[in-house]
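I have placed the structure first, in the form of structure tokens, so that the comments after it can refer back to it.
Predicted model, so just to flag it, every value in this text is computed and none were measured. Computed over heavy atoms, backbone and side chain alike; hydrogens, waters and symmetry mates excluded. First listed ligand is number 1; within each ligand, the first listed atom is number 1.
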Amino acid sequence: MTALDFPEASAETFAARRRRVLERVGEGVMVLPAAPVQYSSRDTERPYAPDRELYYLTGLIEPGTVAVLVGGDEPEVVLFVRERDRDAELWAGPRPGPEGVAERVSVDACHPLTELSERLPDLLARGDTLHYRLGRRDAVEDMILGALATARRRGPRRGTGPRGILDPGQILDELRLRKDATEIEALRRACAVTVDGHRAGAAAIAPGVGEWVVEAAVEGAFRRAGATGPAFDTIVGSGENACVLHYVRNGDVIGEGDLVLIDAGAEVGWYHGDVTRTLPASGSFSQRQRRVYDLVESARQAAIAAVRPGATIRAVHEAAVRTLVSGLVDLGVLDGRVDDVIEEGTHVRYFPHQTSHWLGLDVHDPGDYARNGEPRALEEGMVFTVEPGLYFPPDADDEAGREYAGIGIRIEDDVAVTASGCEVLTAALPTAAADVEALVTRATTP
Ligand code: GLY
Ligand code: MN
Ligand code: MN
């Protein structure tokens, strides 16, 4: 293990995940190619990030790999891997080659990638369905489609061959939705590093400081703590910039009375944190800012209180919405009965996004939020964000909205469903207004 490696799932855990796929794939065949290598400056390899599905099933971070999982009476997992290449390894680092991969991943066979086109038709012909994500439009996809055509041509004579193509997510999204113990541990670690970065970012905040300086503090702390980098482009939005949901320019200077919204997460061992805090640049909220802040914080608490097995993501969202709407009515921003406002959706102007998304190997992790028209019931091991917010457009044309115009506040935590409720993975980073003020002032006062 090198200094920046983090412990990951055991070989047996990866093998158990492959067995679960083989059980679900029936008589089908699943093909998972590795993510392509990305380049910048025309020919310079970017740090390699694995395809999440292939990683989930093998732990491999090896470009060029293709995994073939054959279901049925004699299930088989076959890997195709780039061969060793002294010249290429000089520039881009060592490759394990098929032998090296076979030592680490207990599959039925591990062949050189050069044998893929020859072996693939026979492997595909063993299934009635091909589980493959169309759309790569590259040489591997051409090979897979060619092999599919060959397998189907032979089908009438052999009586076998795939008849349909399904997205692998149909099986894998469901498995990835319920995190196992290793994954929960990986997420705890990513969240702990994320919290470190936020503390460093809060400490860098002061009037007159560039948003980019806060971004650098956050991301510097991520890297120091062993993150591969940010999970997504870090958002540091001061003043009205906080009302732009995916503001990433981070190019303005923080003003005296501004709020500063930091939405940032660390990627650690390919798992992610995703946290937002909104802090006062001066170290104390104005009364106007504090009213909105406390309301968003109440919504966060109400939403988290709704997380438990058997509840639904929709119920979590509804808890946030109800709290926000009732507070906005109290503040005089919205008019009418809470139920009527929710029914009419007037509040969406101020809270335009959902409260949650799944979190894991992807920041916006896959998985259906509803099934057969019904909101999905939460189960132990599901991990998601809770991120209510209120954004008052700077150019509000109504009197009620004008009082708070230009204020944008989001508070985002990450939670894992437990047997009886939930674990807030990011609880180490405070959310109460006074504690958030202290994150800024403790850093600037002796
Ligand atoms: N940072 C992106 C999100 O919160 O979904
Ligand atoms: Mn976020
Ligand atoms: Mn999020």
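- Annotation: the span from R199 atom CZ to T194 atom OG1 amounts to 12.5 Å, rounded to 0.5 Å.
- Of all atoms in ligand 1, listed by their number and element, those nearer than 4.0 Å to a heavy atom of D263 are 1 (N), 2 (C), 4 (O).
- Atoms of ligand 1 found under 4.0 Å from any heavy atom of F232, numbered from 1 in the order shown, are 1 (N).
- Nearest-residue assignment for atom 2 (C) of ligand 1 (options D274, V275, T385; heavy-atom criterion): D274.
- Around the Mn ion (ligand 3), the protein contributes the following N, O or S atoms at distances under 2.8 Å: D274 OD2, H357 NE2, E387 OE2, E412 OE2.
- The pair E174-R371 meets the salt-bridge criterion, since a charged nitrogen lies less than 4.0 angstrom from a carboxylate oxygen.
- A salt bridge does not link D51 to R136: none of the charged nitrogens lies less than 4.0 Å from a carboxylate oxygen.
- Checked against the 6.0 Å centroid threshold, F351 and H317 count as a close aromatic pair.
- Residue contact check: E412 has heavy atoms under 4.0 Å from atoms 4 (O) of ligand 1.
- In this structure, A319 and A302 approach most closely via the heavy-atom pair CB-O, 3.7 Å.
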Enumerate, atom names and distances included, each donor-acceptor pair closer than 3.5 Å involving a side-chain atom of residues 259-267, sequence neighbours excluded.
residue	atom	partner	partner atom	Å
D263	OD1	T276	OG1	3.3
D263	OD2	T276	OG1	3.4
D263	OD2	R410	NH2	3.0
E267	OE1	T228	OG1	2.7
E267	OE2	R52	NH2	2.9
E267	OE2	H272	NE2	2.9

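- T431 and E297 form a side-chain donor-acceptor contact under 3.5 Å, judged by distance and modelled atom types alone.
- Between Y369 and H357, the closest side-chain pair of non-hydrogen atoms falls below 4.5 Å.
- Within the 4.0 Å heavy-atom cutoff, H364 counts among the residues contacting ligand 1.
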